[in-house]
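What follows is a short report on a single structure.
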Amino acid sequence: MIKVSVMYPQTAGARFDHDYYRTTHMALLRELVGASCRSIAIDKGLSGGGKAPAPYAAMCHLEFDSIESFQTSFGPHAKALMADTPNYTDIVPVMQISDVVPV
């Protein structure tokens, strides 16, 4: 299984609409990507530990059976999903694809 993480670095003066992201953007993602996405989770940054600010305003984690499954379901819709980004943030996201290693 793989995890696709989309992370939005916290920057001074940046805008991130968590409500829009959770309700509207995630609904669009689910509609376009479909059942090939095994799970979706959102992290809303609170802290970097102690009094440090969170390094990310938000993160989204998507799980797929394989990179091929992700590419097949997400790839055709990437432009539509990216076109929705200005509706919730002005932060340029960072993406990482990881192998999920059970412990």
Side-chain angles (χ1 to χ4, degrees):
M1 182 168 45
I2 64 141
K3 181 183 290 183
V4 178
S5 298
V6 182
M7 302 165 284
Y8 298 86
Q10 189 79 267
T11 55
R15 176 185 62 81
F16 197 96
D17 184 338
H18 288 276
D19 289 331
Y20 182 95
Y21 188 63
R22 182 177 47 81
T23 59
T24 305
H25 188 72
M26 288 299 117
L28 176 64
L29 176 71
R30 285 184 189 278
E31 176 186 328
L32 295 177
V33 175
S36 63
C37 182
R38 297 180 71 177
S39 71
I40 300 174
I42 297 173
D43 296 349
K44 183 177 180 180
L46 297 177
S47 170
K51 294 184 180 184
Y56 296 97
M59 293 184 266
C60 177
H61 307 285
L62 314 168
E63 290 186 335
F64 294 86
D65 288 328
S66 65
I67 290 177
E68 295 78 20
S69 175
F70 164 67
Q71 291 170 333
T72 300
S73 63
F74 187 87
H77 308 292
K79 285 186 181 181
L81 290 163
M82 291 303 293
D84 189 47
T85 303
N87 291 322
Y88 61 87
T89 192
D90 53 7
I91 300 171
V92 176
V94 176
M95 180 186 280
Q96 177 171 306
I97 299 173
S98 305
D99 188 19
V100 176
V101 180
V103 294

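A search for side chain to side chain contact (heavy atoms under 4.5 Å, CB included) contacts involving Ile67 returns Ile2, Gln71, Ile97, not counting sequence neighbours. In this view, Arg38 and Asp65 satisfy the salt bridge (Lys or Arg N to Asp or Glu O under 4.0 Å) rule, not counting sequence neighbours. By the side-chain hydrogen bond (donor to acceptor under 3.5 Å, both in side chains) test, Gln10 is found to be paired with no residue, residues two or more places apart in sequence or in another chain being considered. With sequence neighbours left out, the side chain to side chain contact (heavy atoms under 4.5 Å, CB included) criterion links Ala14 to Thr11, Asp90, Ile91. Qualifying ring pair (Phe, Tyr, Trp, His ring centres under 6.0 Å) partners for His77, counting only residues two or more places apart in sequence or in other chains: none. Applying the side chain to side chain contact (heavy atoms under 4.5 Å, CB included) rule to Thr85 yields the partners Met82, Tyr88, Thr89; only residues at least two apart in sequence or on another chain are considered. Evaluation of the side-chain hydrogen bond (donor to acceptor under 3.5 Å, both in side chains) rule for Ser39 yields Glu63 as partners, not counting sequence neighbours.
Contact record, Ser36 with Phe64: O-CD2, 3.3 Å, taken as the closest heavy-atom pair.
Residue Lys3 holds its NZ atom at 10.5 Å from SG of Cys60, rounded to the nearest 0.5 Å. In this structure, CZ on Phe74 lies 12.5 Å from OG on Ser69, to the nearest 0.5 angstrom.
Residue pairs satisfying the side-chain hydrogen bond (donor to acceptor under 3.5 Å, both in side chains) criterion with at least one member in residues 42-53, sequence neighbours excluded, are listed as follows: Asp43-His61.
Residue Val94 is found in a hydrophobic cluster whose other members, listed by chain and number, are Met7, Tyr56, Met59; membership requires side-chain heavy atoms under 4.5 Å apart, directly or through intermediates. Applying the under-4.5 Å side-chain rule to Ile, Leu, Val, Met, Phe, Trp and Tyr, the cluster around Met1 extends to Val100. Applying the under-4.5 Å side-chain rule to Ile, Leu, Val, Met, Phe, Trp and Tyr, the cluster around Val101 consists of that residue alone.
Under a hydrophobic-cluster definition in which Ile, Leu, Val, Met, Phe, Trp and Tyr are linked whenever side-chain heavy atoms come within less than 4.5 Å, directly or via other members, Met95 and Leu62 are assigned to the same cluster.
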What donor-acceptor contacts under 3.5 angstrom involve side-chain atoms of residues 22-35, with partners at least two apart or in another chain?
residue: Thr23; atom: OG1; partner: Asp19; partner atom: O; Å: 2.7
residue: His25; atom: ND1; partner: Asp84; partner atom: OD2; Å: 2.7

